[in-house]
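The figures that follow rest on heavy atoms only: side chains count, while hydrogens, waters and symmetry mates do not.
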Amino acid sequence: MAALETARLVLRSIARTDAQAIRKHFPHWEIVKYLTSAVPWPYPDDGAEKYLDTFLPKVAAGIDHIWGIRLKAHLGDTLRDEVIGIVHFHGADPADPEDVPTRGFWLAREHQGKGYMTEAVFAVNSYIFDVLGVPRLVIKNARDNIGSRRVKEKTGAVLIGVEPSAGKYLGDYAEQEVWELTAENFRRARDAAGKTGQGAT
């Protein structure tokens with residue numbers, strides 16, 4: 001799958017060598033509380049390796065696309081050139097008529113609030129809609145996850161419902177929001193934001 005570039009970021013396919021960075025940045029309650037209850041918590045020492053072993057074959061098969069987010073300013077710095085977050089696109093399983101394309105993400109705590117995730121999601125969405133030709137995504141988040149909601153709003157998603165979510169997230173959230181993002185709405189939001197799409201390499 002293609003690497004993507006933005007003004008401040010490089011997004012590349014994750015590899016097993018990224019396990020150390022994932023172990024460093026991911027297992028913090030402020031991040032995982034908004035994620036699916038399928039994520040083990042407390043996070044095991046080998047959790048990053050198990051995640052990669054589960055999903056890298058799906059990436060190789062073209063079912064999933066997972067980009068590791070890196071800061072351009074840190075490229076080549078052996079101490080800081082590391083994955084600081086992930087954007088994960090899951091394509092629909094043709095064998096499952098109820099499966100729909102969706103997308104999720106997380107970002108290291110110290111890099112939140114700087115617009116990095118919105119920047120990354122604009123690039124990934126451009127790839128999903130313009131390159132892969134996906135017509136729409138259905139994306140869900142815990143109702144309390146304000147940061148995720150803002151990224152969706154900025155990138156053209158439309159709230160289509162709120163539903164019970166007891167037991168679906170590691171955090172104790174009673175409801176989740178359901179969003180739809182169509183290619184048309186995303187491109188409209190991208191144009192309004194003055195984005196030009198992803199720089200694929």
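- No salt bridge links E119 with K114; every basic N to acidic carboxylate O contact stays at or beyond 4.0 Å.
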Between R188 and E184, does a salt bridge (charged side-chain N to carboxylate O under 4.0 Å, His left out) hold up when you go through it step by step? CA-CA 6 Å; R188 187 179 297 117; E184 180 182 3; 3.0 Å; yes
Please report the C-alpha distance between E110 and H25 in whole Å, then the side-chain angles of each, then the deciding distance to 0.1 Å, and finally whether the side-chain contact (heavy atoms from CB on, under 4.5 Å) criterion is met. CA-CA 9 Å; E110 61 267 34; H25 292 297; 3.1 Å; yes
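- The side-chain contact (heavy atoms from CB on, under 4.5 Å) test with L137 singles out one residue from E180, R103, H90, and that residue is R103.
- I22 CD1 to Y51 OH: the interatomic distance, rounded to the nearest 0.5 Å, is 6.5 Å.
- Atom-to-atom distance recorded for E177:CD and E163:CD is 10.5 Å, nearest 0.5 angstrom.
- Inter-residue side-chain proximity for W41 and V32 is flagged as met; some heavy-atom pair is nearer than 4.5 Å.
- In this structure, D172 places its CG atom where only 12 or fewer heavy-atom neighbours from other residues, nucleotides or ligands lie under 6.0 Å away.
- In this structure, the separation between CZ on R8 and OH on Y116 is 5.0 Å, given to the nearest 0.5 Å.
- Applying ring-ring contact (aromatic ring centres under 6.0 Å, His included) to Y127 and the options W67, F186, F122 leaves one that passes, W67.
- Closest non-hydrogen pair, S37 versus G167, comes out as OG-O, 2.8 Å.
- Among all heavy-atom pairs drawn from G68 and I86, the shortest one is CA-CG1, 4.5 Å.
- Between H88 and F55, the ring center distance clears the sub-6.0 Å criterion.
- A distance of 13.0 Å separates NE2 of H65 from CG of L11, quoted to the nearest 0.5 Å.
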Stepwise, does the salt bridge (charged side-chain N to carboxylate O under 4.0 Å, His left out) test hold for D130 with R187? CA-CA 9 Å; D130 297 343; R187 290 172 183 141; 2.9 Å; yes
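- The hydrophobic clustering, which links ILVMFWY residues whose side-chain heavy atoms are closer than 4.5 Å, places F105 and Y34 apart.
- Between E5 and the choices R12, R70, K72, the salt bridge (charged side-chain N to carboxylate O under 4.0 Å, His left out) rule is met once, by K72.
- In terms of heavy-atom proximity, I139 sits nearest to T102 at CA-OG1, 3.9 Å.
- The shortest non-hydrogen separation linking D18 to S13 is OD2-O, 4.4 Å.
- Taking the side chain as every heavy atom from C-beta outward, I66 and V87 never approach each other to under 4.5 Å.
- V39 places a side-chain heavy atom less than 4.5 Å from the side chain of L170.
- Looking at H74 and E82, their side chains never bring a donor and an acceptor atom within 3.5 Å of each other.
- Counted within 6.0 Å of CG on D77, heavy atoms from surrounding residues, nucleotides or ligands total more than 12; the atom is thus considered enclosed.
- Under the 4.5 Å side-chain heavy-atom criterion for grouping Ile, Leu, Val, Met, Phe, Trp and Tyr, Y43 is connected to W106 within one hydrophobic cluster.
- For the pair L4 and V10, the minimum side-chain heavy-atom distance is 4.5 Å or more.
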Candidate pair D144 and K33, rule salt bridge (charged side-chain N to carboxylate O under 4.0 Å, His left out), full reasoning: CA-CA 10 Å; D144 293 38; K33 66 182 180 180; over 6 Å; no
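- Using modelled atom types and a 3.5 Å distance limit, the side chains of K50 and T54 yield no donor-acceptor pair.
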Determine, step by step, whether L181 and V158 satisfy the side-chain contact (heavy atoms from CB on, under 4.5 Å) criterion, reporting the C-alpha distance in whole Å, the side-chain angles of both residues, the deciding distance to 0.1 Å, and the verdict. CA-CA 6 Å; L181 179 59; V158 175; over 6 Å; no
Could you go through the side-chain contact (heavy atoms from CB on, under 4.5 Å) check for Y169 and Q176 one step at a time? CA-CA 9 Å; Y169 298 92; Q176 66 181 0; 2.6 Å; yes
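- Criterion: ILVMFWY side-chain heavy atoms under 4.5 Å apart, direct or through other members. Under it, V131 and I128 are part of a common hydrophobic cluster.
- Put simply, CZ on F26 and CD1 on I31 are 7.5 Å apart, with the number rounded to the nearest 0.5 Å.
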Under the criterion side-chain contact (heavy atoms from CB on, under 4.5 Å), I'd like the reasoning laid out for I84 against L71: C-alpha separation, chi angles, the key distance, then a yes or no. CA-CA 8 Å; I84 60 168; L71 294 174; 3.8 Å; yes
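- Using a 3.5 Å distance cut-off with no hydrogens or angles, the side chains of S165 and E175 do not pair a donor with an acceptor.
- Here the closest heavy-atom approach between residue N145 and residue N141 is recorded as O-ND2, 4.0 Å.
- When all heavy atoms of A15 and L56 are compared, the pair lying nearest together is C-CD1, 4.3 Å.
- Under the 4.5 Å side-chain contact rule for hydrophobic residues, L35 and V138 do not share a cluster.
- N185 CG to R136 CZ: the interatomic distance, rounded to the nearest 0.5 Å, is 11.5 Å.
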